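First the proteins, then the strands, lettered A, B, ... as listed; each starts at 1. The analysis underlying the following values was restricted to heavy atoms, covering all of them including side chains, and did not include hydrogens, waters or symmetry mates. The shown structure was predicted, so the numbers you read here are calculated from the model rather than taken from an experiment.
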Amino acid sequence: MSRQSQTFIPTLKDAPADAEAISHKLMVRAGLIRQLGAGLWTYLPAGWRVQRKVEAIIREEMEAIGCQEMLMPLLQPAENWEKTGRYAIPELFKLEDRKGSPMVLALTHEEAITYHVAREVRSYRDLPLMLFQIQTKERDEGRPRAGVLRTREFTMKDAYSFDRDEEGLARSYEAQAGAYERILDRCEVRWYKVESDVGMMGGSGADEFMAPCPAGEDEVALAPGYAANVEVASATAQSAELPPPLPAPERIETPGLTTVEQVSGSLGLAPGALIKALPVIVEGRGMVLVLVRGDHRLNEIKLRNALGAGFRPAGVEEIGAELGPVGYIGPVGARIPVVKDAAIAGDSYVCGANESDAHLRGVQPGRDFESEELDVRVVEAGDTAPGGGTIAIEPAIEVGNIFKLGSRYSDPLGASYLDESGVEQAIVMGSYGIGPARIVAASIEQRADEHGIVWPRALAPWQVHLVSLSKPGEPEREAADKIYDALRAAGAEVLYDDRDVGPGNKLNDSDLIGCPLRLVVGRRGLAKGVVEATERRSGSAPELPVEDAAERAIALLDGLDV
RNA sequence: CGGGGAGUGGCGCAGUCUGGUAGCGCACUCGGCUGGGGGCCGAGCGGUCGCAGGUUCAAAUCCUGUCUCCCCGACCA
């Protein structure tokens, strides 16, 4: 059924007032989705058609690498989550059944799949194994946002690999990565594969597939031959201009100057000539003083990974007791461990003197204080990447991620096998997620113009939007009806706008909905014996003879590059 | 979790400060006109003003509580 008069595509002239992201506005306006609650979205018929196209592509590419589809429950007993230590995750929805048994709504399915594999797989002969599902996930997000980009309930394709050893995992991981590249290419989204943090998944390595777009919540650091999430990106800093070195640190009065801007401004120095001192309390280790250059920011994920432990910022009281007044903290004379960011590489810095209204200048790391050197700053545009290129930073949306889990889940859930020599070994796992809704949103973000959505053929809800400008019953309508029948007979996916509304409404809705090819059947064209085709993306508008309009339209469609 | 904003017809909003008959645009229904980029005329339908309690002769408006949604930040497979 694709007569528009009988299809539920509620388009809107205006976007909801609170929508910010392009994809959010357009998906609502084009009648693809509607909101039910915070982070909870209903897919209307056109939106669901698009999502199913993405899912079909994912299915094909998963099956092509020997990954088998299955389906696991969303509602699960809490027990396995307690075993893996993930029951404490704040995003995990927790509930009880009527008997009072603790249950959870799965935010991903490592526990379930590992539970099953642990029971069924016993021999090295059963491995390797790759399984996937396309299933709902539930996450109690602190802040859902941007329409479908960050929601509390969403569909995810999650795949899991099971191997005998690290080499096997590496092969499975590469197979999945290759499939992801083909999936994203087929969906026509621009993407980067970037190094990433392992986060709550745990494990030994991870990559993310990022689609650059304005609404992206992540930032990627890019250079020729280099791509990383800024959460983990590492690069050589641009140099900062330093004053001449001094034989020893010199105390200077800085009354009331507590920020980098104030101190550098008052001394006439670049912010990069200052050292910013950030006291943190490290789990099981007490207070540590972390130093970054005045013009740099601390990267908390890199610091956590470098320390191998969690931490929190120290409180004002704690800092006062251990070091001095907040705003005048520095490493010289500090009696606690000092971590110095690698970008602090000069020999004459200004830092706090650990007393009110005073700083020190001419401070030289190594001479004036001891420290452990780590890379813990946020990289910036203009830095030099490991390959020698210059870093650029772009916002991007994470559309997929792949993790080397190792035995992070197989150990606590007892997933093991007997090897050739009869020795019990832990199964080595990987997990691979991809979000169809985010692919759809990214496609819209990347391709939309001021008139609406611009679908690639692979995702379009319909390939052709046939628009009849005449009223029902008028002779021109017959020509449109015939073309509709011919297109359908030829197997084309066609949405036929046969509604009794004005031409402006139809044309604007057509732009909004964004099918790759539009055919307008109106009095003006018919007088010349033509229907007007318009390629949504290029705007190219050839005229097609009425008699074989359907055939010609299909040929046009096949000629579109995307 | 911290900060800010908003809940009034399907959508977008005014009215709230200064309490007194709930309004506008769009959409929708009916009739007519119009028919190539959201057209026009006329007549209509539709709202316990998020919820609960309080003050008052009288509450959308004042007070208290509460729920929901949005934005910025934190967090985020």
Rounding to a whole Å, what distance do you find between A:Leu519:CG and B:rG36:P?
19 Å

Please find out if less than 6.0 Å separates the ring center of A:Trp455 from that of A:His465.
no

Distance check needed: B:rA27 C1' versus A:Leu12 CG, whole Å only.
10 Å

Are a donor atom and an acceptor atom from the side chains of A:Tyr192 and A:Glu394 found within less than 3.5 Å of each other?
yes

Rounded to whole angstrom, note down the P distance from B:rG50 over to B:rA22.
15 Å

Using atom P of each nucleotide, how far apart are B:rG7 and B:rU16 to the nearest Å?
13 Å

Counting Watson-Crick and G-U wobble pairs only, both distances under 3.5 Å, name the nucleotide matched with B:rG2, or none.
B:rC72

Interatomic distance, A:Lys25 NZ vs B:rC11 P [rounded to whole Å]
18 Å

Taking A:His24 for its side chain and A:Leu149 for its backbone only, find out whether a donor-acceptor pair lies under 3.5 Å.
no

When the distance from CG of A:Asn505 to C1' of B:rG39 is rounded to whole Å, what number comes out?
9 Å

Hunt down the Watson-Crick or G-U wobble partner of B:rU66, both distances under 3.5 Å, from any strand shown, or write none.
B:rG50

Between B:rC26 and B:rA43, how far is it from one P atom to the other, in whole Å?
14 Å

Tell me whether the rings of A:Phe209 and A:Trp191 are parallel (<30°), tilted (30 to 60°) or perpendicular (>60°).
tilted

Counting any heavy atom closer than 4.0 Å, what does A:Arg438 reach on the DNA or RNA strands: base, sugar-phosphate only, or nothing?
base

For residues 497-506 of chain A, pull every pair meeting salt bridge (charged side-chain N to carboxylate O under 4.0 Å, His left out), keeping only residues two or more places apart or in separate chains.
A:Arg3-A:Asp498, A:Asp497-A:Arg499, A:Arg499-A:Asp509

With P as the reference atom in both, quote the distance from B:rG20 to B:rC62 in angstrom, rounded to an integer.
11 Å

A:Val520 or A:Glu398: which one's nearest nucleotide on RNA chain B is closer to the 5' end?
A:Val520

Quick check against the 3.5 Å criterion: does A:Asn505 have a side-chain atom that pairs as donor or acceptor with the backbone of A:Val501?
no

Using the P atom on both, measure B:rG31 against B:rC49 and round to a whole Å.
34 Å

Base-pairing assignment for B:rC30 (Watson-Crick or G-U wobble, both under 3.5 Å):
B:rG42

Residues passing the side chain to side chain contact (heavy atoms under 4.5 Å, CB included) test with A:Val521, sequence neighbours excluded, are A:Leu466, A:Ala479, A:Ala480, A:Ile483, A:Leu526, A:Val531

From the candidates B:rA77, B:rC26, B:rC75, the one with an atom nearest any side-chain atom of A:Lys13 is B:rC26

Between B:rG2 and B:rA74, how far apart are the two P atoms, rounded to whole Å?
15 Å

Closest nucleotide of RNA chain B for A:Glu141 versus for A:Arg29: which of these residues is on the 5' side?
A:Arg29

Between C1' of B:rA77 and CD of A:Glu91, the distance in whole Å:
9 Å

Check every strand shown and say whether A:Arg518 touches a base, only sugar-phosphate, or nothing at a heavy-atom separation below 4.0 Å.
base

Any side-chain to backbone donor/acceptor pair from A:Asp341 onto A:Arg377? Under 3.5 Å, distance only.
yes

Any donor-acceptor pair under 3.5 Å linking the side-chain atoms of A:Asp411 with those of A:Tyr409?
no

Write down the distance separating the C1' atoms in B:rC13 and B:rU8, rounded off to the nearest Å.
10 Å

Criterion side chain to side chain donor-acceptor pair (under 3.5 Å) on A:Ser161 and A:Tyr173, from CA distance to verdict
CA-CA 8 Å; A:Ser161 68; A:Tyr173 191 83; over 6 Å; no

Picking from B:rG36, B:rG38, B:rA77, which would you name as closest to the side chain of A:Arg139?
B:rA77

Length of the CG-P vector between A:Asp497 and B:rG37, whole Å:
15 Å

Which atom pairs link the protein and nucleotides 68-71 of chain B when you take only N or O atoms and keep those under 3.5 Å?
from, atom 1, to, atom 2, distance (Å)
B:rC69, OP1, A:Ala38, N, 2.9
B:rC70, OP1, A:Gln35, NE2, 2.8

With heavy atoms under 4.0 Å as the rule, sort A:Gly433 into base, sugar-phosphate or nothing.
nothing

Distance, rounded to the nearest Å, where A:Asp500 contributes CG and B:rG31 contributes C1':
14 Å

So what does A:Tyr432 touch, heavy atoms closer than 4.0 Å: a base, only the sugar-phosphate, or nothing?
nothing

When rounded to whole Å, the CG to P distance for the pair A:Asn299 and B:rC75 reads 10 Å

Taking the P atom of each, how far is B:rG42 from B:rG54, in whole Å?
47 Å

Using Watson-Crick geometry (N1-N3 plus N6-O4 or O6-N4) or G-U wobble (N1-O2, O6-N3), each under 3.5 Å, B:rC57 is paired with B:rG20

Sugar-phosphate, base or nothing in reach of A:Glu300, heavy atoms under 4.0 Å
sugar-phosphate

Answer yes or no: side-chain N or O of A:Arg150 and base N or O of B:rC76 forming a donor-acceptor pair under 3.5 Å.
yes

Look at all strands and tell whether A:Asp511 reaches a base, only sugar-phosphate, or nothing, counting heavy atoms closer than 4.0 Å.
base

Would you indicate what A:Gly525 reaches in the nucleic acid, counting non-hydrogen atoms under 4.0 angstrom: base, sugar-phosphate, or nothing?
base

With both distances under 3.5 Å as the test, what is the Watson-Crick or G-U wobble partner of B:rG36?
none

